[in-house]
Amino acid sequence: MRAHYLQHVPFEGLGSIETWLHSAHASISATRLYEEAHFPALESFDLLIIMGGPMSVNDDEIYPWLAREKAFIAAAIAADKAVLGICLGAQLIAAACGATIYANPIKEIGWFPITPIPGSDAGSFCFDEPATVFHWHGETFTLPPGAHHLARSAACNHQAFQLAGKAVIGLQFHLETTPESLRGMVQHCGEELQVSDTIQSAESLLASPPEAFVAVNQLMARLLQYLTTHQSGKGC
């Protein structure tokens, strides 16, 4: 398996995804958009992973490479690549498929539960039960046409989706979070931590218990396994 990932800022890397890819004996390549916006040939990878970042999908004038990135993502989807988008990455998938990205009424930062959406397509990925996951987002999106809605939270309705008939999943939340990646986000984006019902303090985030990371990383591993075997018809 050949995995390629798109990274938007130095402090939002693969996290636990890297460990899973190594265990799957995958080759790993990257486009670091904060250095150079060079996208690989579609035939050079099997799995595309699109990471998060503090910018908006709508910031094309500030980050001119966003338009090319969205076109590249659309091409990867059309080529039937397995694609995973995380936070900004999910919003980029949605935008590449014609959805609208806009500010959520409230920000959601910290460990909060998501709830699975019943009645998804029989072949789509399943969140078997509610799970407490790590969030850091202020924007949301309309569902792309034909997408299956997979999960919601109290603060944000569209937390996860899958494109119909494809191994393409967008997550508004961060299952790849490790203690190191969480510290990086707090260090670089800590000014957003204005404590409220949906925003936890830096102190509480930095004191997150080890089992919280284990739980989300295990869920990420299950999702990655699903994406990379989706063509064999393994779903719910």
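The figures here come from the full heavy-atom set of this structure, side chains too, leaving out hydrogens, waters and symmetry mates. Nothing fancy with the numbering, it's 1 onward along the sequence.
- A distance-only check finds no donor-acceptor pair linking the side chain of Arg2 to the backbone of Ser29 [under 3.5 Å].
- Looking only at side-chain heavy atoms (C-beta outward), His22 and Glu18 come within less than 4.5 Å of each other.
- Annotation for Ser153 and Pro113: closest pair CB-O, 3.4 Å, computed over non-hydrogen atoms.
- Atom CG of Leu84 is separated from atom OH of Tyr226 by 12.0 Å, given to the nearest 0.5 angstrom.
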task: Begin with the C-alpha distance, continue with both residues' side-chain angles, and end with the deciding distance and a verdict on side chain to side chain contact (heavy atoms under 4.5 Å, CB included) for His148 and Ile117.
output: CA-CA 9 Å; His148 298 297; Ile117 303 298; over 6 Å; no
*For Ser204 and Ser201, what are the C-alpha separation, side-chain angles and deciding distance, and is it a side-chain hydrogen bond (donor to acceptor under 3.5 Å, both in side chains)?*
CA-CA 5 Å; Ser204 65; Ser201 69; 3.2 Å; yes
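- Under the 4.5 Å side-chain heavy-atom criterion for grouping Ile, Leu, Val, Met, Phe, Trp and Tyr, Leu150 is not connected to Phe112 through any hydrophobic cluster.
- Shortest non-hydrogen contact noted between Val216 and Thr132 is CG1-O, 3.6 Å.
- Ala67 and Asp60 make their closest contact through N-OD2, 3.6 Å (heavy atoms, listed as atom of the first residue, atom of the second, distance).
- At most 12 non-hydrogen atoms from other residues, nucleotides or ligands lie less than 6.0 angstrom from CD of Glu61.
- The hydrophobic clustering, which links ILVMFWY residues whose side-chain heavy atoms are closer than 4.5 Å, places Tyr63 and Tyr34 apart.
- A 4.5 Å side-chain heavy-atom check between Thr178 and Thr19 finds every atom pair outside the cut-off.
- With rounding to the nearest 0.5 Å, the separation of CG in Leu47 from OG in Ser27 is 10.0 Å.
- Panel note: side chain Glu36, backbone Leu33; no donor-acceptor pair is recorded below 3.5 Å.
- In this model, a donor atom of one side chain and an acceptor atom of the other lie less than 3.5 Å apart for Gln172 and Gln91.
- Residues Trp136 and Val195 do not share a hydrophobic cluster, clusters being chains of Ile/Leu/Val/Met/Phe/Trp/Tyr side chains in contact below 4.5 Å.
- Judged by distance alone, with hydrogens and angles left aside, the side-chain atoms of Asp46 form no donor-acceptor pair with the main-chain N or O of Lys81 at under 3.5 Å.
- Atoms NE2 and CD1, from His135 and Ile109 in turn, are 11.0 Å apart once rounded to the nearest 0.5 Å.
- Of the inter-residue distances, the one linking Ile169 atom CD1 with Phe125 atom CZ reads 6.0 Å to the nearest 0.5 angstrom.
- Within the model, atoms NE2 of His158 and CG of Asn104 stand 10.5 Å from one another, a figure rounded to the nearest 0.5 Å.
- Proximity of Glu12 to Pro54: side-chain heavy atoms (C-beta onward) are separated by under 4.5 Å at one or more points.
- If you chain together hydrophobic residues whose side chains sit under 4.5 Å apart, Met51 and Val9 fall into the same group.
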Set out, in order, the CA-CA distance, both residues' side-chain angles and the distance that settles side chain to side chain contact (heavy atoms under 4.5 Å, CB included) for Leu14 and Gln7, then state yes or no.
CA-CA 8 Å; Leu14 286 174; Gln7 185 174 358; over 6 Å; no
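- Between Thr31 and His4, the side chains place a donor N or O and an acceptor N or O closer than 3.5 Å (distance only, hydrogens not considered).
- Checking Ser181 against Glu176 by side-chain atom types alone, no donor-acceptor pair falls below 3.5 Å.
- In this structure, Ile86 and Ile17 have side chains that are in contact, with non-hydrogen atoms separated by less than 4.5 Å.
- Here the side chains of Leu193 and Gln200 are not in contact, with every heavy-atom distance at 4.5 Å or above.
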Determine, stepwise, if the pair Ile93 / Phe141 fulfils side chain to side chain contact (heavy atoms under 4.5 Å, CB included). CA-CA 10 Å; Ile93 293 174; Phe141 45 80; over 6 Å; no
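- Using a 4.5 Å heavy-atom cutoff, the side chains of Leu163 and Val83 are not in contact.
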| query | Can His137 and Gln159 be said to form a side chain to side chain contact (heavy atoms under 4.5 Å, CB included), step by step? | reply | CA-CA 10 Å; His137 63 91; Gln159 283 285 355; 3.6 Å; yes
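- Glu180 CD: 12 or fewer foreign heavy atoms inside a 6.0 Å radius.
- Side chain of Gln218 to backbone of Arg222: no donor-acceptor contact under 3.5 angstrom is found.
- Phe127 and Ala151 get closest at one heavy-atom pair: CD1-CB, 4.1 Å.
- Side chains of Arg68 and Phe39 form a contact here, defined as non-hydrogen atoms less than 4.5 Å apart.
- A donor-acceptor pair is defined here as one N or O able to donate and one able to accept, closer than 3.5 Å; such a pair exists between the side chain of His149 and the backbone of Asn157.
- Side-chain rings of Trp111 and Phe213 approach one another, their centers coming within less than 6.0 Å.
- Contact between Ser56 and Glu139 at its shortest, heavy atoms only, is OG-OE1, 3.0 Å.
- Just one of Leu143, Leu92, Ile77, Val168 meets the side chain to side chain contact (heavy atoms under 4.5 Å, CB included) condition when paired with Cys97; it is Ile77.
- Side-chain contact between Ile73 and Leu6 is present, with heavy atoms from C-beta onward closer than 4.5 Å.
- A side-chain donor from one of Glu69 and His8 sits under 3.5 Å from a side-chain acceptor of the other.
- In plain terms, the two heavy atoms of Leu88 and Gly53 that are nearest each other are CB-N, 3.7 Å.
- Note: Trp20 CH2 to Met220 CE = 10.5 Å, rounded to the nearest 0.5 Å.
- Within the 3.5 Å criterion, the main-chain N or O of Val57 finds a donor-acceptor partner in the side chain of Lys70.
- Cluster membership for Val214 and Leu219, using ILVMFWY side-chain heavy atoms within less than 4.5 angstrom, is not shared.
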